[in-house]
Protein chains: 2
Amino acid sequence: MSVEDGIDFAIIELFFFAYRDFTSDPDQILADYGFGRAHHRVLHFVNRRPGLTVAELLDVLKITKQSLARVLKQLIDTDHVVQLQGPRDRRQRELYPTAKGRALALALARPQSRRIHAALEDSGATERTLVERFLEAMVNPELRAQIDVGSAKMSGKSHGEH
Amino acid sequence: MSVEDGIDFAIIELFFFAYRDFTSDPDQILADYGFGRAHHRVLHFVNRRPGLTVAELLDVLKITKQSLARVLKQLIDTDHVVQLQGPRDRRQRELYPTAKGRALALALARPQSRRIHAALEDSGATERTLVERFLEAMVNPELRAQIDVGSAKMSGKSHGEH
DNA sequence: GAGATTATGTCAGTACTATTGACGTAATTT
DNA sequence: AAATTACGTCAATAGTACTGACATAATCTC
């Protein structure tokens, strides 16, 4: 089983290395903007689920509003994200990426996407759904709802936009 | 292909959620010791590759020695790790886990291992090697050497301990 | 309509992990 | 003997996170 004491050290370690390198690509780009990983995460989800509220964003990221405040303010000040008053509830702030924000989100996602495609090919294609299923199964069951919401589920053609 | 603009947002997001929950299990235990994720990583690798030197550890973790210093000192002060003068080169400090350190490393790895096994089962067994290959392929090629070194490669029976 | 609750923003203080730069000491290499 | 290497340490800074407290405006409830 490739384990010691029933512990799967191999995958534990691989997961660490894989995630470290996975995040290193965008980190380089972010540095040019004076942004960090927190900005990336916020921009990513605003871009993915345009119109989501501050509360929804906090729930997805699992951070406090004080932590979000600085990062979100910077993204707004630099014209990557805009806030619009909620139509139904005027207390809410709906978050949308600007064209500039979408461009940056895309630039950040590109190298990550390239790495994923290369890894899928290297490990022998057709495994896309298997990898997706594995990663999804790694997420806490209670939180899986967050994933498929605006993300056009996993399988089919995507329609998360428009 | 489940992508927009050729970008694989689905797996990018899944990877984020999966890693977040993957690290949340040990985080809870670490809090009881006043330790953080940095302590976990150091303890993990000292436990995995007993006898590695400070320089090797820095290379694996890709952090600076100033960052390591505080964390390592705490692990030594709390009797989780010991330093022994290198046999060949007396400038080097070989790092070893104590019994206490091994116990903690195991306690931290257990919930992660459980999560991995559950995820492998949920996603339809026999995929262990596929997941391993995918994760390994996600790591920068230059850095893959670090992985198989003391980790008894992926496949076969492990022999890193004894 | 008054009061409670909700959504968001903000101020203050703290913790953890990481960084760069500089300097010191002992051991090894040249 | 001099240069280099391995490690340790001091100081200053940055990024991301936290808790607690308080403010404002909007919505909901009775």
Side-chain angles (χ1 to χ4, degrees), chain A residues 16 19-20 23-24 26-46 51-78 81-96, chain B residues 16 19-20 23-24 26-46 51-78 81-96:
Chain A
F16 165 69
Y19 194 76
R20 185 188 61 180
T23 52
S24 72
D27 281 355
Q28 309 245 319
I29 300 169
L30 290 161
D32 297 337
Y33 292 77
F35 290 162
R37 232 173 257 183
H39 300 83
H40 184 187
R41 290 196 289 265
V42 170
L43 183 57
H44 170 89
F45 284 107
V46 169
L52 96 182
T53 65
V54 171
E56 287 166 348
L57 185 53
L58 291 176
D59 193 50
V60 169
L61 296 175
K62 293 271 174 282
I63 58 173
T64 60
K65 72 181 160 177
Q66 295 90 331
S67 294
L68 175 63
R70 174 188 56 95
V71 171
L72 183 56
K73 192 174 190 313
Q74 283 176 279
L75 287 171
I76 291 169
D77 290 348
T78 55
V81 172
V82 289
Q83 286 182 315
L84 298 182
Q85 202 169 52
R88 310 173 295 278
D89 187 334
R90 287 185 304 171
R91 288 172 304 179
Q92 296 184 331
R93 302 283 179 272
E94 294 189 344
L95 303 172
Y96 294 90
Chain B
F16 164 70
Y19 194 75
R20 184 188 63 179
T23 52
S24 71
D27 280 355
Q28 309 244 321
I29 300 170
L30 289 161
D32 298 336
Y33 293 77
F35 290 162
R37 234 174 254 183
H39 300 84
H40 185 187
R41 290 196 288 266
V42 170
L43 183 58
H44 170 90
F45 284 108
V46 170
L52 55 33
T53 65
V54 170
E56 287 167 347
L57 185 53
L58 291 175
D59 193 50
V60 169
L61 296 175
K62 293 271 175 284
I63 58 172
T64 60
K65 74 181 158 175
Q66 295 91 328
S67 294
L68 175 62
R70 175 188 56 92
V71 170
L72 183 55
K73 192 173 189 313
Q74 284 177 279
L75 286 170
I76 290 169
D77 289 348
T78 54
V81 172
V82 288
Q83 284 183 316
L84 298 181
Q85 201 168 51
R88 310 173 295 277
D89 188 334
R90 288 185 304 171
R91 288 172 304 179
Q92 296 184 331
R93 303 281 180 276
E94 295 188 343
L95 304 172
Y96 294 90

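Every value quoted in this text rests on a predicted model; they were computed, and no experiment measured them. All chains are named by letter (A, B, ...) in the order of the sequence lines, taking the proteins before the strands, and each is independently numbered beginning at 1.
Taking atom CD of B:Q85 as the reference point, atom P of C:dT28 lies 8 Å away to the nearest angstrom. Taking atom OH on A:Y33 and atom P on D:dA14, their separation rounds to 22 Å, with Å as the unit. For A:R90 and D:dT24, the CZ to P distance is 18 Å, given to the nearest whole Å. The CD atom of B:Q92 sits 10 Å away from the P atom of C:dT29 (whole-angstrom rounding). The separation between B:Q74 atom CD and C:dT17 atom C1' is 11 Å, rounded to whole Å. To the nearest angstrom, P of C:dG9 lies 13 Å from CG of A:L75. If you take CZ of A:F16 and P of C:dT17, they are 13 Å apart, rounded to a whole angstrom. The nearest whole Å value for the distance from the CG atom in B:D27 to the C1' atom in C:dT17 is 13 Å.
Note on ring orientation: taking the six-membered ring where Trp is involved, the planes of B:H44 and B:H40 are perpendicular (angle over 60°, cut-offs 30° and 60°).
Taking CG of B:L68 as the start and CD1 of B:I63 as the end, the distance is 5.0 Å to the nearest 0.5 Å. In this structure, B:E56 CD and B:L61 CG are separated by 12.0 Å, a value rounded to the nearest 0.5 Å. The distance from atom CD of A:Q28 to atom OG1 of A:T23, rounded to the nearest 0.5 Å, is 10.5 Å.
Screening A:R93, A:Q92, A:R91 for a side chain to side chain contact (heavy atoms under 4.5 Å, CB included) involving A:T53 leaves a single residue, A:Q92.
Backbone-only contact: A:Q83 has heavy atoms under 4.0 Å from sugar-phosphate atoms and none from a base.
Taking every heavy atom of both residues into account, B:L95 and B:Q83 meet most closely at CD2-CG, 3.4 Å. The heavy-atom pair separating B:E94 from B:P87 by the smallest distance is OE2-CD, 3.1 Å.
With the nearest nucleotide of DNA chain D identified for both B:I76 and A:F35, B:I76 has the one nearer the 5' end.
Among the nucleotides C:dT17, D:dT5, D:dA17, the one closest to the side chain of B:A38 is C:dT17.
When the side-chain nitrogen and oxygen atoms of B:R37 are compared with OP1 and OP2 of C:dC16, none of them lie within a distance under 4.0 Å. Phosphate contact (OP1/OP2 of C:dT17, side-chain N/O of B:H39, threshold under 4.0 Å): present. Not one side-chain nitrogen or oxygen of A:R93 sits closer than 4.0 Å to the OP1 or OP2 atom of C:dA7. Contact annotation: B:R41 does not reach the phosphate of C:dC16 (side-chain N/O to OP1 or OP2, under 4.0 Å).
Contacts between residues 52-71 of chain A and DNA chain D, defined by a heavy-atom separation below 4.0 Å, involve A:K62, A:I63, A:T64, A:Q66, A:S67, A:R70, listed by number.
For D:dT5, the base has a donor-acceptor partner in the side chain of B:R91 [N/O atoms by modelled type, under 3.5 angstrom].
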